[in-house]
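Heads up, the thing below is written out as C-alpha cells.
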Amino acid sequence: PPAIRIDNLVKEYASPGPGEPPKLALKGVSFDVPQGGVFGLLGPNGAGKSTLINILAGLVRKTSGSAEIWGFDIDDNPRNAKRSIGIVPQEIVFDPFFTPFEVLENQGGFYGIGKKDRRSKDLLAAVHLSDKRDAYARTLSGGMKRRLLIAKAMVHSPPILVLDEPTAGVDVELRRQLWELVQELNSEGVTVVLTTHYLEEAEQLCDRIAIINHGELIANKPTKELVGMA
Ligand code: ADP
Ligand code: ADP
C-alpha cells in the first residue's frame, strides 16, 4: 500500500460562537504518500496542514472521507494505523524533570514494549543525544528538545514519521541539524512526511511536494517538476 492514502478528506470545525459560521478546514483533499521518500505538505498558515496531521494522529475527528496509514483505515483499524505512524508535534511537551532516557523509557512503556525490548539508548544515539541521557529535560536547548521529540516519536519503530512544522521558529544552524536528521532517518528506510510553510525547506528536503491552500490541494508533484514550473 502507499504509506498514507487520503481520500476526499473533509474537516468542518464547529462554529466558534453564535453568529459565526463553521470553519471548513479541509474541503475534500485526496492524495497518496508513496513509501520510502520524504513528502512535503506545503502551505501558508491556516491552510489546513495541522488539521490533516491531527486527523492522522487520531487527535482530530474527520467530518467525512477516509484516511489509511500503511493500509490501515484510521476508523476501521485505529490501533494498527496509530502504530504505523510516529508524530512529532509542533509544540514541545515534556515533563521538565524527566531525563531524555526516562522520556523514551516511559513512551516505550506506554506502547507496551517490554524493558528489554526498548531501544532508548539506540534512539538517543540516533538523534545525537547520548551525552544528555541523564540531564533534566528542562536543561536541554531548544534543538535538543526537538531532537528528543523525534526520538520519542520513533519509540514504537513506526515505518512513517510525520513532523509538523519541524523548523518553525528555529535558527539557521538548528534547521540544518534537523534537516540532516530527517535525511538520516529516511536513508534508514523511514518514510518521512513533513509540513512546512517554507518553500525552500520543501525543495531541499522533499522528493515530492503537495501544496494545500484554504483546505484544498492545489498541486502534488515530484519536487523537480514543481520547481521547474515556477
Ligand atoms: P495550518 O496548520 O496549515 O496553519 P490549520 O489546520 O491549523 O492550518 O487550520 C486550518 C483552518 O482551520 C484555519 O482557518 C484555522 O483557524 C481553523 N482551525 C484550526 N483548528 C481549529 C479549531 N480547533 N476550531 C476551529 N477552527 C480551527
Ligand atoms: P491514546 O489515544 O492511546 O490515549 P494518546 O493520544 O493519549 O494515546 O497519547 C499518549 C502518549 O503517546 C502521548 O505522549 C502522545 O504524544 C503519544 N503518542 C500517541 N500516538 C503517537 C504516535 N503515533 N506517535 C508518537 N507519539 C504518540
Side-chain angles (χ1 to χ4, degrees), residues 3-33 37-69 73-75 78 81-82 85-93 142 145-146 149-150 152-153 158 160-171 174-175 178-179 182 191-221 223 226-227 229-230:
I4 295 174
R5 166 159 285 173
I6 307 283
D7 189 27
N8 205 12
L9 196 63
V10 173
K11 175 62 190 180
E12 183 177 271
Y13 288 108
S15 156
E20 303 218 38
K23 175 80 206 183
L24 204 49
L26 295 174
K27 303 174 181 168
V29 170
S30 304
F31 63 89
D32 284 357
V33 176
V38 180
F39 186 96
L41 188 61
L42 179 70
N45 284 326
K49 304 182 299 294
S50 294
T51 298
L52 211 156
I53 299 305
N54 287 335
I55 291 172
L56 294 175
L59 298 173
V60 165
R61 192 180 262 286
K62 68 186 165 59
T63 304
S64 64
S66 68
E68 283 177 15
I69 302 172
D73 186 277
I74 58 166
D75 289 334
K82 249 191 159 178
I85 198 168
I87 308 274
V88 183
Q90 246 179 76
E91 336 76 62
I92 294 172
V93 277
K145 286 178 186 161
R146 287 197 185 239
L149 270 186
I150 292 173
K152 186 181 170 195
I160 308 169
L161 184 67
V162 177
L163 303 104
D164 194 4
E165 298 268 359
T167 61
V170 150
D171 68 35
L174 177 52
R175 182 170 305 168
L178 291 169
W179 286 4
V182 163
T191 300
V192 175
V193 179
L194 59 93
T195 70
T196 182
H197 57 269
Y198 299 116
L199 176 62
E200 189 213 357
E201 175 160 85
E203 276 178 21
Q204 295 246 354
L205 269 182
C206 305
D207 49 65
R208 192 172 184 91
I209 299 176
I211 304 178
I212 181 173
N213 196 14
H214 296 301
E216 286 178 289
L217 194 77
I218 57 174
N220 174 15
K221 288 188 187 304
T223 305
L226 198 75
V227 173
M229 273 166 36

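This is a predicted model, so every value here is computed, not measured. In each ligand, atom 1 is the first atom listed, and ligand 1 is the first ligand listed.
- For atom 16 (O) of ligand 1, the nearest protein heavy atom lies 4.0 Å away or farther.
- Of the listed options G48, G43, S50, S50 places a heavy atom closest to atom 7 (O) of ligand 1.
- Each of the following atoms of ligand 1 lies closer than 4.0 Å to a heavy atom of A47: 1 (P), 3 (O), 8 (O).
- Of all protein heavy atoms, the one closest to atom 5 (P) of ligand 1 is T51 OG1, 3.7 Å.
- At least one donor-acceptor pair closer than 3.5 Å links the side chain of D207 to the backbone N or O of V38.
- Within 4.0 Å of atom 22 (C) of ligand 1, at least one protein heavy atom is present.
- Heavy-atom proximity to atom 14 (O) of ligand 1, evaluated over H197, K23, E20, K11, is greatest for K23.
- Judged by distance alone, the side chain of K49 and the main-chain N or O of L41 form no donor-acceptor pair under 3.5 Å.
- By the criterion of a heavy-atom distance under 4.0 Å, the backbone of P44, and not its side chain, is placed next to ligand 1.
- Nearest protein heavy-atom contact of atom 12 (O) of ligand 1 is A25 CB, 3.5 Å.
- From I69, atom CD1 reaches atom CD1 of I74 across 6.5 Å, with rounding to the nearest 0.5 Å.
- For the pair T223 (side chain) and C206 (backbone), a donor-acceptor distance under 3.5 Å is present.
- For ligand 1, the atoms sitting less than 4.0 Å from at least one non-hydrogen atom of N45 are 4 (O), numbered in the order shown with element in parentheses.
- Residue K49 places at least one N or O, backbone or side chain, under 3.5 Å from an N or O of ligand 1.
- Side chain of K221 to main chain of I209: no donor-acceptor pair is present (N/O by atom type, distance under 3.5 Å, no hydrogens or angles).
- A 4.5 Å side-chain heavy-atom check between L26 and I55 finds at least one atom pair inside the cut-off.
- Annotation: cation-pi pair R175/Y198 present, NZ/CZ under 6.0 Å from the ring centroid and within 45° of its normal.
- Looking at G46, P16, S15, A168, it is G46 that brings a heavy atom closest to atom 13 (C) of ligand 1.
- Side chain of T195 to backbone of D164: no donor-acceptor contact under 3.5 angstrom is found.
- Of all protein heavy atoms, the one lying nearest to atom 18 (N) of ligand 1 is Y13 CE1, 3.4 Å.
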